[in-house]
Amino acid sequence: MLAPMVELSHRPLRELIAGFGGCDRYYTEMCGAPAYVSDAPYDQWFLDTQPCPERTAIQFNSPDAERMAAAVRKLLIDRSGQGLALGGIDINFGCSAPLIEKAGGGVFWMKHPEAAAAMVASVRKLIPGIVLSVKMRLGYEESGEALLAFCRGLVDAGADYLILHPRLKDQKFKRLGKWEYVASLAQDLSVPVIGNGDIRDYASYSKAVGRYGAAGAMIGREAVRRPWIFALLRAQERDPGYRMQAAVEDTGIHMLKLIRAYLPPSFHLSRARRFFFYYCDNLSFSHHLRYAIQNAPDLQAIETLFKEYFDEVPKDRVIEQG
Ligand SMILES: Cc1cc2nc3c(=O)[nH]c(=O)nc-3n(C[C@H](O)[C@H](O)[C@H](O)COP(=O)(O)O)c2cc1C
């Protein structure tokens with residue numbers, strides 16, 4: 001599954017991944033329920049589920065249950081008009097960005113297990129036939145018991161599956177997530193548990209679903225660095241020794257085209273910068289280019305910088321990856 005990531009999990013990234021054969025399920029970046037119910041201007045872009053609407057879950061975040069329910073009701077009305085299938089709704093109990101958490105959204109819900117379960121139950125009632133998932137972290141303090149009780153509440157409230165990013169609220173990416181919590185939830189809960197965090201290759205993917213028993217794996221940053229990662233994992237599942245030729249230059253240029261085609265102009269620069277921040281990891285000498293792209297004035301300038309890099313380092317145009 002593709003993880004929800006602000007300014008990254010948009011239609012262009014899904015199109016890019018779909019071009020490599022896709023993944024099983026995609027998540028949109030989180031959409032603020034309060035903004036959506038008050039008709040904020042950009043929600044049509046956050047809620048765009050193309051090119052795979054039937055396999056794309058929309059993630060909502062809300063500081064209160066009322067506006068979460070109102071957003072889901074509004075989505076059902078908007079979607080019925082468009083005749084688009086809804087691949088699922090996800091509730092965000094994991095975001096630890098200070099603005100979101102302080103407002104009472106994201107991971108803050110993990111402090112209030114009963115209220116969190118009640119919100120899940122109220123959404124469940126509104127969408128009896130639509131997949132409902134919840135994405136969360138470990139919470140504020142490490143406690144297997146508290147985590148299990150929290151998750152049981154969500155399952156009893158009707159969540160179809162849970163996604164665990166096993167880091168505490170304030171844990172950054174530097175240290176690896178604690179996957180033993182994925183393993184214990186997978187064992188103790190009656191619904192599938194998806195593991196998320198630090199999956200970068202076939203070894204970490206197979207550990208997630210093998211050793212830790214996750215029902216599936218959700219991939220975030222690595223799917224931006226290597227939009228072909230799902231294709232690579234599928235091939236390596238058949239043949240662990242498989243190596244892939246990745247067209248790094250063409251894929252980057254194609255992403256710029258997709259950003260132009262499917263996002264409003266006011267999004268272009270920020271989304272391209274975000275994408276290339278990760279994508280430059282594929283290059284042998286990424287430091288200077290990454291910095292230059294972060295300071296480029298527009299998409300054309302990014303394209304020029306990117307192409308010039310390969311004139312200087314042609315061997316990076318296509319790289320072999322395992
Ligand atoms: C730039 C960025 C934005 C993110 N935005 C969201 C979000 O909107 N909703 C969410 O649940 N998680 C969000 N996350 C967390 C990811 O979904 C994921 O849990 C995290 O990156 C760990 O997975 P990874 O190691 O595969 O990247 C974000 C992460 C990043 C790096």
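Counting starts at 1 for both ligands and their atoms, in listed order. Note that these values count all heavy atoms, side chains included, but never hydrogens, waters or copies made by symmetry.
Residues Tyr36 and Asp78 bring a donor and an acceptor atom of their side chains to less than 3.5 Å of each other. Side-chain contact, Asp48 with Tyr262: no donor N or O sits under 3.5 Å from an acceptor N or O.
The shortest N/O to N/O separation between Met218 and ligand 1 does not fall below 3.5 Å. At least one N/O-N/O distance between Val6 and ligand 1 falls below 3.5 Å. Note: an N/O pair closer than 3.5 Å links Gly220 and ligand 1 by distance alone. Between Asp198 and ligand 1, a contact under 3.5 Å exists for at least one N or O pair.
Cation-pi contact between Arg55 and Tyr26: absent, since separation from the ring centre below 6.0 Å together with deviation from the ring axis within 45° is not met.
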Salt bridge (charged side-chain N to carboxylate O under 4.0 Å, His left out) assessment of Arg225 paired with Glu222: CA-CA 5 Å; Arg225 286 187 196 103; Glu222 197 61 20; 2.7 Å; yes
Intermediate values then yes/no, ring pair (Phe, Tyr, Trp, His ring centres under 6.0 Å), Tyr202 and Tyr242: CA-CA 10 Å; Tyr202 186 68; Tyr242 180 84; over 10 Å; no
Asp201 vs Gln321, side-chain contact (heavy atoms from CB on, under 4.5 Å): CA-CA, chis, key distance, verdict: CA-CA 10 Å; Asp201 50 23; Gln321 293 200 326; over 6 Å; no
Chi angles and distances behind the side-chain contact (heavy atoms from CB on, under 4.5 Å) call for Met136, Trp109: CA-CA 9 Å; Met136 72 193 102; Trp109 285 96; over 6 Å; no
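Ion pairing between a basic and an acidic side chain is recognised when a charged N comes within 4.0 Å of a carboxylate O; Asp198 and Lys207 show no such pairing. Here Lys74 pairs with Asp39 in a salt bridge; the nearest charged N to carboxylate O distance falls below 4.0 Å. Ion pair Asp160/Arg124 flagged as a salt bridge, since at least one NZ, NE, NH1 or NH2 atom sits closer than 4.0 Å to an Asp/Glu carboxylate oxygen. With salt bridges taken as basic N to acidic carboxylate O contacts below 4.0 Å, none links Glu29 and Arg274.
Distance from atom 11 (O) of ligand 1 to its nearest protein heavy atom, with residue and atom name: Gln59 NE2, 2.9 Å. For atom 12 (N) of ligand 1, the nearest non-hydrogen atom of the protein is Lys135 NZ, 3.1 Å. Annotation: atom 29 (C) of ligand 1 to nearest protein heavy atom, Met5 CG, 3.8 Å. In this structure, atom 19 (O) of ligand 1 lies nearest to the protein heavy atom Asn196 OD1, 2.5 Å. Shortest contact from atom 31 (C) of ligand 1 to any protein heavy atom: Tyr278 OH, 3.5 Å. Distance from atom 6 (C) of ligand 1 to its nearest protein heavy atom, with residue and atom name: Pro4 O, 3.1 Å.
The part of Arg274 lying near ligand 1 is the side chain, judged by heavy-atom distances below 4.0 Å. For Phe173, every heavy-atom contact with ligand 1 shorter than 4.0 Å involves the side chain, none the backbone. When heavy-atom distances to ligand 1 are checked against a 4.0 Å cut-off, His165 comes that close only through its side chain, counted from C-beta outward.
Atoms of ligand 1 found under 4.0 Å from any heavy atom of Asn92 (numbered from 1 in listed order, with element): 9 (N), 10 (C), 11 (O). Within ligand 1, counting atoms from 1 as listed, the ones closer than 4.0 Å to a heavy atom of Ile219 are 26 (O). Close contacts between ligand 1 and Ala3 involve ligand atoms 17 (O) [criterion: under 4.0 Å to a heavy atom].
By the 4.0 Å heavy-atom criterion, Gly197 is counted among the residues contacting ligand 1.
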